[in-house]
Q: 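Once you've had a glance at the structure underneath, I'll fire off some questions.
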Amino acid sequence: MIGLVDCNNFYASCERAFNPALRNRPVVVLSNNDGCVIARSNEAKELGIAMGALPFEIEKLIEQNNVAVFSSNYTLYGDMSHRVMTILQTYSQDVEIYSIDEAFLSFDGYNLYDLEAYSREIVGKVTKGTGIPVSMGIASSKTLAKVANKTAKKRKELKGVYVIDSDEKRIEALRNFAIGDVWGIGRQYAELLVRQGVKTALEFTQMNKEWIQKHMTVVGRRTYDELCGHPRIDFELMPPAKQVICNARSFGSMLTEYTQVEEAVANYAARCCEKLRKQNCCASVVMVFVHTNQHRKDLPQYGKNIVINLPVATNSSMELVKYATKGLRAIFKEGFHYKKAGVIVSDIVPAASIQSNMFYELDAIKQGKIMKVLDELNGAMGRNKVIVGRQGFERKWKLRQEKLSPCYSTRLSDIITVKA
DNA sequence: TCTGGGGTCCTAGGACCC
DNA sequence: TCTGGGGTCCTAGGACCC
């Protein structure tokens, strides 16, 4: 059997975990640049604040209902996630960390005579240990575990845990489950299926398999099997190395100067390298792109990307910043208001397997040592204390984060004070 | 004025070779 | 001169996820 643990309203719950004054108060968290709503507490959902809502649309609701609004604080969420996962790992040998707020637990080989009681213990332990409420669904496949989890969240009387351990329970859960809520069925497929008269997950499992394969590819067929109780999606204990790494952001404000955009691109390139080094890999292709604000029809539009093949795969910030800014120089045009830029590295290979000539190798070893020191310093002192020159200090491109909460759990100066 | 960011997988179609 | 098929590689686009 497979369990899926999912943190409830994760980002909103993180903001609440260290701030008891927010209990019972509606909380929303905004995306990068404070652009739109990406997380809501239950109270905020009940007010009718939608996912993706824009701040100005909900201004009145915020005022009238004393809604607490936060910029996203990924340092805090990342640390809270780690705490949750650490607790989960004490309950199963095989934990697949699926996302920042979700994990699959395998109970294969466990002789648990009461899976539901065990699950309740896990849910209680995480909530008590971290302050983050979680729900858990258990079933024979990942997709069914997802269904069970959402059912546990939706039906209050289940108190956060639902086990699908019989065909009757499977059918009952699927009967009440909208097709568009199934993991793997997005908006396009949901619309296609509804046009075919299929509204629930149960009806989907009664469809013609060949039709599904033909119109929804092998992916749809896999979802079908999973919902029928036959696992088709494997457990991934070791996350595979990423094949593409991307760092791209909208700027806090529109930029017109080359040097400002270059600073941003240098930082994005350096971040890509940090991620590469973390998975012990190097990339041999880098793509740089810039574009103006597509929503501003009144301003001239421009967007372009450039792909650069590196002579030798690298994960050195100094190397990559050099190539990325060279690329930017080639595509940057004066006279536009730039809104976004990004760096994407690909053709990623293990660092150990890099082919190069001896000359270069010596240099690579030297660079590797420098990067190791850089990572250690930044790890100890906080990100971006030590940087490659071009990353700059002006930081005009920085995100807008006007409502950032303190990094309660990762920054000594932000630690909470308890008055006793 | 404001409209996220970072990923994966699959398929179709074109280019090219034998 | 005309014609065919199979295989591989690459890219673009579309679908999905959190």
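The structure displayed is predicted, hence computed values, not measured ones. Letters A, B, ... are given to chains in the order of the sequence lines, protein chains preceding strands, and every chain is numbered from 1.
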Q: In terms of side-chain geometry, is the basic nitrogen of A/R175 or A/E203 positioned less than 4.0 Å from the acidic oxygen of its partner?
A: no

Q: Mind checking if A/N293 touches a base, just sugar-phosphate, or nothing, with heavy atoms under 4.0 Å?
A: sugar-phosphate

Q: Here's one to test your reading of the geometry: is the NZ or CZ of A/K150 within 45 degrees of the ring axis of A/Y162 and under 6.0 Å from its centre?
A: no

Q: Could you say whether A/I245 or A/I38 is positioned toward the 5' end of DNA chain B, judged by the nucleotide with the nearest heavy atom to each?
A: A/I38

Q: Rounded to the Å, how far apart are A/M287 CE and B/dG7 P?
A: 13 Å

Q: Verify the contact: side-chain N or O of A/K340 to OP1 or OP2 of B/dG5, cut-off strictly under 4.0 Å; return yes or no.
A: yes

Q: Where the side chain of A/R296 is concerned, which of B/dC10, B/dC2, C/dA15 is the nearest nucleotide?
A: B/dC2

Q: Expressed as a whole number of angstroms, how long is the span from A/R222:CZ to B/dC10:P?
A: 6 Å

Q: Categorize A/L30 for me: base, sugar-phosphate, or nothing, with a 4.0 angstrom heavy-atom threshold over every strand shown.
A: nothing

Q: If each of A/L54 and A/E236 is mapped to the nucleotide of DNA chain B with the nearest heavy atom, which maps nearer the 5' terminus, i.e. the 5' end?
A: A/L54

Q: What nucleotide, of B/dG6, C/dC18, C/dA15, holds the atom closest to the side chain of A/N247?
A: B/dG6

Q: Considering only atom P, compute the distance from B/dC2 to C/dC18 and round it to an integer number of Å.
A: 29 Å

Q: Atom CD1 of A/I344 and atom P of B/dT8: how far apart are they, to the nearest Å?
A: 11 Å

Q: Within the structure provided, determine whether A/F204 and A/V182 are in side-chain contact (heavy-atom separation under 4.5 Å).
A: no

Q: A/V244 has a side chain; which of B/dT8, B/dG5, C/dA15 sits nearest to it?
A: B/dT8

Q: Does the distance from a Lys or Arg side-chain N to an Asp or Glu carboxylate O, for A/R16 and A/E43, drop under 4.0 Å?
A: yes

Q: With sugar-phosphate meaning primed atoms plus P, OP1 and OP2, does A/D34 contact a base, only sugar-phosphate, or nothing at under 4.0 Å between heavy atoms?
A: nothing

Q: Find the partner of B/dC18: check Watson-Crick (N1-N3 plus N6-O4 or O6-N4) and G-U wobble (N1-O2, O6-N3) distances, both under 3.5 Å, and reply none if neither fits.
A: C/dG5

Q: Would you mind telling me which of B/dT8, B/dC2, B/dT11 lies closest to the side-chain atoms of A/V218?
A: B/dT11

Q: List the steps, then state whether side chain to side chain contact (heavy atoms under 4.5 Å, CB included) holds for A/V286 with A/L320.
A: CA-CA 8 Å; A/V286 56; A/L320 199 75; 4.0 Å; yes

Q: Considering every strand and a 4.0 Å limit on heavy-atom distances, what is the contact class for A/V29: base, sugar-phosphate, or nothing?
A: nothing

Q: Distance check needed: C/dC17 P versus A/D101 CG, whole Å only.
A: 15 Å

Q: Hey, does A/I185 reach any base, or is it just sugar-phosphate, or nothing, if we go heavy atoms under 4.0 Å?
A: sugar-phosphate

Q: Roughly how many Å is it from CG in A/L399 to P in B/dG4, rounded to a whole number?
A: 12 Å

Q: Measure from the side chain of A/Y98, starting at C-beta and using heavy atoms only, and say which of B/dG4, C/dC18, C/dA15 lies closest.
A: C/dC18

Q: Looking only at the side chains, is there a donor atom on one of A/S135 and A/D6 sitting less than 3.5 Å from an acceptor on the other?
A: no

Q: Provide, to the nearest angstrom, the distance between the CG atom belonging to A/D298 and the C1' atom belonging to B/dT1.
A: 11 Å

Q: Quick one: does NZ or CZ of A/K209 land under 6.0 Å from the six-membered ring centre of A/Y224, within 45 degrees of the ring axis?
A: no

Q: To the nearest Å, give me how far apart CG (A/L193) and P (C/dA15) are.
A: 13 Å

Q: So A/S250, base contact, sugar-phosphate only, or nothing? Heavy-atom distance under 4.0 Å.
A: sugar-phosphate

Q: When you get a sec, tell me which of C/dA15, B/dT11, C/dC18 is the closest nucleotide to the side chain of A/E102?
A: C/dC18

Q: If I take atom CD1 in residue A/I233 and atom P in nucleotide B/dC10, what distance separates them, rounded to the nearest angstrom?
A: 11 Å

Q: Any side-chain N or O of A/K146 under 4.0 Å from OP1/OP2 of C/dC18?
A: yes

Q: A/W183 has a side chain; which of B/dT3, C/dC16, C/dC18 sits nearest to it?
A: C/dC18

Q: Does A/R249 place a side-chain N or O at less than 4.0 Å from the phosphate oxygens OP1/OP2 of B/dG6?
A: yes

Q: Where the side chain of A/Y189 is defined as all heavy atoms beyond and including C-beta, which of C/dA15, B/dG4, B/dC2 is the nearest nucleotide?
A: C/dA15

Q: Determine, answering yes or no, if A/F56 is stacked on B/dC2 under the 5.5 Å centre rule and the 30° plane rule.
A: yes

Q: Looking for any heavy atom pair under 4.0 Å, which part of the strands does A/Q243 touch: base, sugar-phosphate only, or nothing?
A: sugar-phosphate

